[in-house]
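Worksheet for the structure shown next.
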Amino acid sequence: MQKKTDIIIIGGGVIGSSVAFNLLNDGYNGEITVFEKDTIYEFSSTPRSAGGIRQLFTTAINIQISRYSLKKYKSFPEDMAINGERTEIYFKQRGYLFLAKNETMNQLKKQMELQRKYGVPSDLLTKQELLTVIPELTINDLEGGLYCKEDGYLDPYSVMQGYAKKAKQLGATYIYEEVDTILQDDKQGLTGVRLANGDVYHAPIVINSAGPWAPALSDKIYLPLPIVPLKRQIIQFDIAEPLTNELPLTVDPTGVYFRHEGKQLLSGFSEKVKPGIDFAWKRSFFMEQLWPILAHRINNFERAKINGGWAGMYSYNTKDQNAIIGEHPKLKGYYIACGFSGHGMQQAPAVGKGLSELIRTGRYETLDLSPLCFERFSENRLLIEGAIV
Ligand SMILES: Cc1cc2nc3c(=O)[nH]c(=O)nc-3n(C[C@H](O)[C@H](O)[C@H](O)COP(=O)(O)OP(=O)(O)OC[C@H]3O[C@@H](n4cnc5c(N)ncnc54)[C@H](O)[C@@H]3O)c2cc1C
């Protein structure tokens, strides 16, 4: 079967669905076809994310992206309402907190100054002030922390479904089939995609937002991306003694992070793993890598019971751990939106808006996302972000 459409989006996760929504919401009147291979999003990165939303970044572009996205997530339930029914995303603005030892306090101070330049109300807390946020915290080995009370966490699956449902309402077509390959020929350049079932869809624009599978698709057309899938585990647990306050998403100086999930807690850590798709999670990850640190940081975590866990994939940019956004310089009409590593949830609204502008008008209008272009790798303009989780 051969079909024609105007824009093809490969991957209907939070990024692909945000792009589809933004294009249509901004008045694009062509036909948008989204291909999604996982009918229940079982293995997609989005529903396996920790859902942390923070403006506590160290580069101007990431700070601005998160600031824009935070504004959009605040009004998401109304903006994405369907027939008057709100789209809940359970955004808990309980803050985001990086704990610090003496040697990193100066860096955090510089980060705060940059964040404030862009309007982010971040605060450098002394170790005593940390106790106003988490009274049970062990502070003897800490010097303080960087805190933003506007930040927090949300339900990633609800955000993704909110975008997808609204995009469909505005006219996007979702086809739950796998794209086998992007098609191009010597004369015409990009021509569309072929599905695993053999169907061919023609379009002058193809957006690769296939998350951890994006590099494999690009490899097939000899346009490799510096991205690998990397396993990240999250463990959910109960504690015997509840905490006084609802937690911000808190990052220990070791990199172990934790937050409330209802009455339970969840925690994760970017362990060293070999690249590759792997969804196995292990209780030993909690016992050996998380629990000793958690129990030291908050005494209440000492008596903990694991309730479950999961592993998800980062689409990890091996060069600078930041997203790669924009048209590929070697193939007209081929757009990429991948490599988000651990911060795609908080970038989805801004990236959707940016790609909508770039595709419709040829330039970024709301936020200049060009620092995230693919060309930065060959032009020696890596975007070094100091706050990677
Ligand atoms: C454990 C974990 C914790 C995280 N925590 C945070 C956090 O706290 N904050 C934050 O901002 N980010 C976090 N992230 C990162 C965030 O989840 C991702 O950056 C984001 O979800 C990426 O969205 P995506 O749409 O690019 O990818 P995905 O959600 O993976 O969507 C890509 C889609 O493409 C589909 N697809 C792939 N190949 C094909 C094909 N050939 N044909 C058709 N469909 C295809 C897949 O099925 C998938 O649904 C975390 C990630 C993990 C794994």
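Atoms within a ligand are numbered from 1 in the order they appear, just like the ligands themselves.
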Decide whether [X] and [Y] meet the rule of one side-chain donor and one side-chain acceptor closer than 3.5 Å.
| X | Y | result |
| --- | --- | --- |
| Gln111 | Thr58 | no |
| Glu302 | Asn299 | no |
| Asn208 | His328 | no |
| Ser158 | Glu88 | no |
| Gln93 | Asp151 | no |

Counting only heavy atoms, which portion of [X] has something under 4.0 Å from ligand 1: side chain, backbone, both, or neither?
| X | value |
| --- | --- |
| Met313 | backbone |
| Tyr41 | side chain |
| Ser315 | neither |
| Gln233 | neither |
| Leu249 | neither |
| Val389 | neither |
| Ser341 | backbone |
| Arg48 | backbone |

Around [atom], find the nearest protein heavy atom and jot down its residue, atom name and distance.
| atom | value |
| --- | --- |
| atom 35 (C) of ligand 1 | Glu36 OE1, 3.3 Å |
| atom 30 (O) of ligand 1 | Ser45 N, 2.8 Å |
| atom 43 (C) of ligand 1 | Lys37 N, 3.3 Å |

Handout entry: Point-to-point distance, once rounded to the nearest 0.5 Å, from CE of Met160 to CD1 of Ile89
Key =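 Rounded to the nearest 0.5 Å, the CE-CD1 separation comes out at 13.0 Å.
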Handout entry: Criterion salt bridge (Lys or Arg N to Asp or Glu O under 4.0 Å) against Arg94, the qualifying member of Glu150, Glu261, Glu246
Key =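 With Arg94 as partner, Glu150, Glu261, Glu246 yield a single salt bridge (Lys or Arg N to Asp or Glu O under 4.0 Å), made by Glu246.
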Handout entry: Polar atom proximity, Gly16 to ligand 1 (N or O, under 3.5 Å)
Key =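 Between Gly16 and ligand 1 (N or O atoms, distance only) the closest approach is not under 3.5 Å.
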Practice task
Determine whether the aromatic ring centres of Phe279 and Phe43 lie less than 6.0 Å apart.
Solution key: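 Centroid distance Phe279-Phe43: below 6.0 Å, so yes.
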Exercise for the section: Evaluate whether atom NZ of Lys127 has more than 12 neighbouring non-hydrogen atoms of other residues, nucleotides or ligands under 6.0 angstrom away. Expected result: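 Atom NZ in Lys127 is packed in, count exceeds 12.
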Problem - Proximity flag Cys338 to ligand 1, non-hydrogen atoms under 4.0 Å - result: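 Cys338 does not count as a contact of ligand 1 under the 4.0 Å cut-off.
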Problem - Sub-4.0 Å heavy-atom contact, Glu177 with ligand 1 - result: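 So Glu177 counts as touching ligand 1.
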Exercise for the section: Would you tell me which option among Ser49, Ala196, Gly344 has the nearest heavy-atom contact to atom 18 (C) of ligand 1? Expected result: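 Comparing heavy atoms across Ser49, Ala196, Gly344, the nearest one to atom 18 (C) of ligand 1 lies in Gly344.
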